[in-house]
Amino acid sequence: MTTSPKPPWLKVRMPGSPRYHEIKGRARELKLATVCEEARCPNIGECWGGGTATFMVMGDTCTRGCRFCAVKTAKYPAALDPDEPNHVATAIAELDLDYVVVTSVDRDDVADGGASHFATCITEIRRLAPKTRVEVLIPDFKGNVGHLLKVVEAGPDVIAQNLETVKRLTHPVRDAKAGYETTLEVLRNVKTIDPSRLTKSSLMVGLGETPDEMREAMEDLRAVGVDFLTIGQYLQPTPKHLPVAEFVPPEQFVAYEKLGLELGFVYVASGPLVRSSYKAGEFFLHRFLEDHRPRT
């Protein structure tokens with residue numbers, strides 16, 4: 001495992017633009033959590049400075065404890081806030097965002113895993129910010145198709161569920177309640193429910209995976225019809241989390257991007273600082289949707 005300093009390609013500027021402070025301030029006023037802060041994303045300055053943010057709903061405490069993730073965990077987090085969908089939609093409308101990502105913690109303590117809450121968030125965004133394109137990064141809902149159906153029927157533009165890592169490393173990287181095959185089944189079921197719905201997933205590198213294992217994971221994602229893929233470097237959020245096995249060089253990310261496009265992904269964002277919610281990727285997706293999906 002590596003204990004060496006971060007290489008130069010992982011250095012980022014401290015955030016501080018007026019747009020960054022505007023988004024941060026409004027999120028505080030409306031008591032909203034953002035995955036940008038909770039997951040300690042290195043791109044927070046770039047994305048918030050450019051007017052892109054990822055909102056995290058259903059609270060800031062997860063019922064699962066993945067060993068790569070800095071989000072707080074508890075068996076019984078606080079009850080869902082019924083006003084949250086309206087607050088999220090209000091913030092998005094006020095900030096006049098073109099493309100937003102709504103994600104969440106896992107809420108295995110809630111009857112439908114929070115699927116109804118997600119659906120309400122999408123509905124409220126459509127009502128208050130009808131011009132905004134909506135991507136949702138959802139939990140696996142324990143593989144329950146009925147719960148997933150609620151989200152699909154709410155009509156987000158893109159539905160994402162992250163595979164996170166290669167099959168061999170799924171455990172211990174992910175919580176024991178999460179599964180490689182479960183994620184693939186969720187993504188497959190989205191396409192079964194609505195073949196036209198765009199899907200997305202994400203993989204981390206630097207955890208000890210091999211290029212052959214990455215190819216296998218990418219092939220598995222394409223086999224269930226995933227359209228968009230992001231690949232980024234795992235960074236250890238605290239000493240309690242999994243250590244970094246390797247800082248993958250930029251040229252390997254280029255190779256993964258090339259491979260992904262050869263396998264048939266519509267778009268691959270692959271780079272050391274790329275995350276599942278990433279400004280450059282969202283810009284592409286927004287443009288793709290404008291070109292291929294007229295607003296209804």
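Numbers here simply count residues along the sequence, with the first being 1. Remember, it's a predicted structure, so these values are computed and weren't measured experimentally.
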Salt bridge (charged side-chain N to carboxylate O under 4.0 Å, His left out) between Arg215 and Asp220, intermediate numbers included: CA-CA 9 Å; Arg215 171 184 277 275; Asp220 288 343; over 6 Å; no

Are Val186 and Ile138 close enough that some pair of their side-chain heavy atoms sits under 4.5 Å apart? yes

In Å and rounded to the nearest 0.5 Å, what is the CG to CG distance from Leu184 to Asn189? 11.0 Å

Among Phe228, Tyr99, Tyr267, the one residue meeting ring-ring contact (aromatic ring centres under 6.0 Å, His included) with Phe288: Phe228

Could you check Val190 against Leu148 for side chain to side chain contact (heavy atoms under 4.5 Å, CB included), going step by step and ending with a plain yes or no? CA-CA 8 Å; Val190 171; Leu148 178 64; 3.9 Å; yes

Treating Glu246 as the side-chain partner and Leu207 as the backbone partner, does any N or O pair qualify as donor plus acceptor under 3.5 Å? no

Is the backbone N or O of Cys66 less than 3.5 Å from a side-chain atom of His241, with the two atoms forming a donor-acceptor pair by type? no

For the pair Asp98 and Lys131, evaluate salt bridge (charged side-chain N to carboxylate O under 4.0 Å, His left out) and give the outcome as yes or no after the intermediate values. CA-CA 7 Å; Asp98 291 325; Lys131 294 182 180 180; over 6 Å; no

If we ignore hydrogens and angles and just use 3.5 Å, is the side chain of Thr63 paired with the main-chain N or O of Asp108 as donor and acceptor? yes

Evaluate the side-chain proximity of Val268 to Tyr256: yes if any heavy-atom separation is below 4.5 Å, no if none is. no

One pair to check against side chain to side chain contact (heavy atoms under 4.5 Å, CB included): Gln236 and Leu242. What are the steps and the verdict? CA-CA 6 Å; Gln236 184 183 28; Leu242 286 172; over 6 Å; no

One should read off an interatomic distance between Leu149 CG and Thr192 OG1, to the nearest 0.5 angstrom, of 11.5 Å

Atom CG of Leu203 and atom CG of Leu221: how far apart are they, to the nearest 0.5 Å? 6.0 Å

Should the pair Arg168-Glu209 be classified as a salt bridge under the 4.0 Å nitrogen-to-oxygen rule? no

If you apply the rule side chain to side chain contact (heavy atoms under 4.5 Å, CB included), what do you find for Ile122 with Arg127, and how did you get there? CA-CA 9 Å; Ile122 297 164; Arg127 184 176 69 86; over 6 Å; no

Please confirm whether the backbone N or O of Asn86 pairs with a side-chain atom of Thr90, one donor and one acceptor, at under 3.5 Å? yes

Stepwise salt bridge (charged side-chain N to carboxylate O under 4.0 Å, His left out) check, Arg222 with Asp227: CA-CA 7 Å; Arg222 282 299 301 138; Asp227 301 289; 5.1 Å; no

Can you tell me how far OG of Ser270 sits from CE of Met218, rounded to the nearest 0.5 angstrom? 7.5 Å

Any side-chain heavy atom of Pro139 within less than 4.5 Å of one from Ser104? yes

Separation of Arg188 CZ from Glu181 CD (nearest 0.5 Å): 7.5 Å

Side chain to side chain contact (heavy atoms under 4.5 Å, CB included) for Gln233 and Phe247? Distances and angles first, verdict last. CA-CA 7 Å; Gln233 170 72 49; Phe247 289 120; 3.9 Å; yes

Is it true that Lys142 and Asp106 make a salt bridge, defined as a side-chain N closer than 4.0 Å to a carboxylate O? no

Taking His117 for its side chain and Leu80 for its backbone only, find out whether a donor-acceptor pair lies under 3.5 Å. no

Would you find a donor on one side and an acceptor on the other, under 3.5 Å apart, between the side chain of Glu213 and the backbone of Thr210? yes

Determine, for Lys200 against Glu135, whether the closest basic-nitrogen to carboxylate-oxygen distance falls under 4.0 angstrom. yes

For Ala129, side-chain contact (heavy atoms from CB on, under 4.5 Å) partners two or more places apart: Ile92, Ala93, Ile125, Thr132

Among all residues two or more places apart in sequence or in another chain, which pass the side-chain hydrogen bond (donor to acceptor under 3.5 Å, both in side chains) test with Thr183? Gln161, Arg174

Is a side-chain donor or acceptor of Asn162 paired with a backbone partner of Glu164 at a separation under 3.5 angstrom? no

Are any non-hydrogen side-chain atoms of Val105 and Thr61 less than 4.5 angstrom apart? no

With distance as the sole test, does Ser201 use its side chain to make a donor-acceptor pair with the main-chain N or O of Leu163 at under 3.5 Å? yes

Contact check, side chains of Leu263 and Glu219, non-hydrogen atoms, under 4.5 Å: yes

May I ask you to test the Met214-Ile231 pair for a side-chain heavy-atom distance under 4.5 Å? yes

Say you draw a straight line from CG of Asp175 to CZ of Phe68; how long is it, rounded to the nearest 0.5 Å? 9.5 Å

Under a 4.0 Å N-O cut-off, is there an ion pair linking Asp112 with Arg107? no

Does atom NZ of Lys177 have more than 12 heavy-atom neighbours from other groups under 6.0 Å away? yes

Has the side chain of His87 got a donor or acceptor atom that lies under 3.5 Å from a matching backbone atom of Ala91? no

Do the charged groups of Asp109 and Lys75 touch, with an N to O distance under 4.0 Å? no

Can you tell if the side chain of Asp60 reaches within under 4.5 Å of the side chain of Lys72, non-hydrogen atoms only? yes

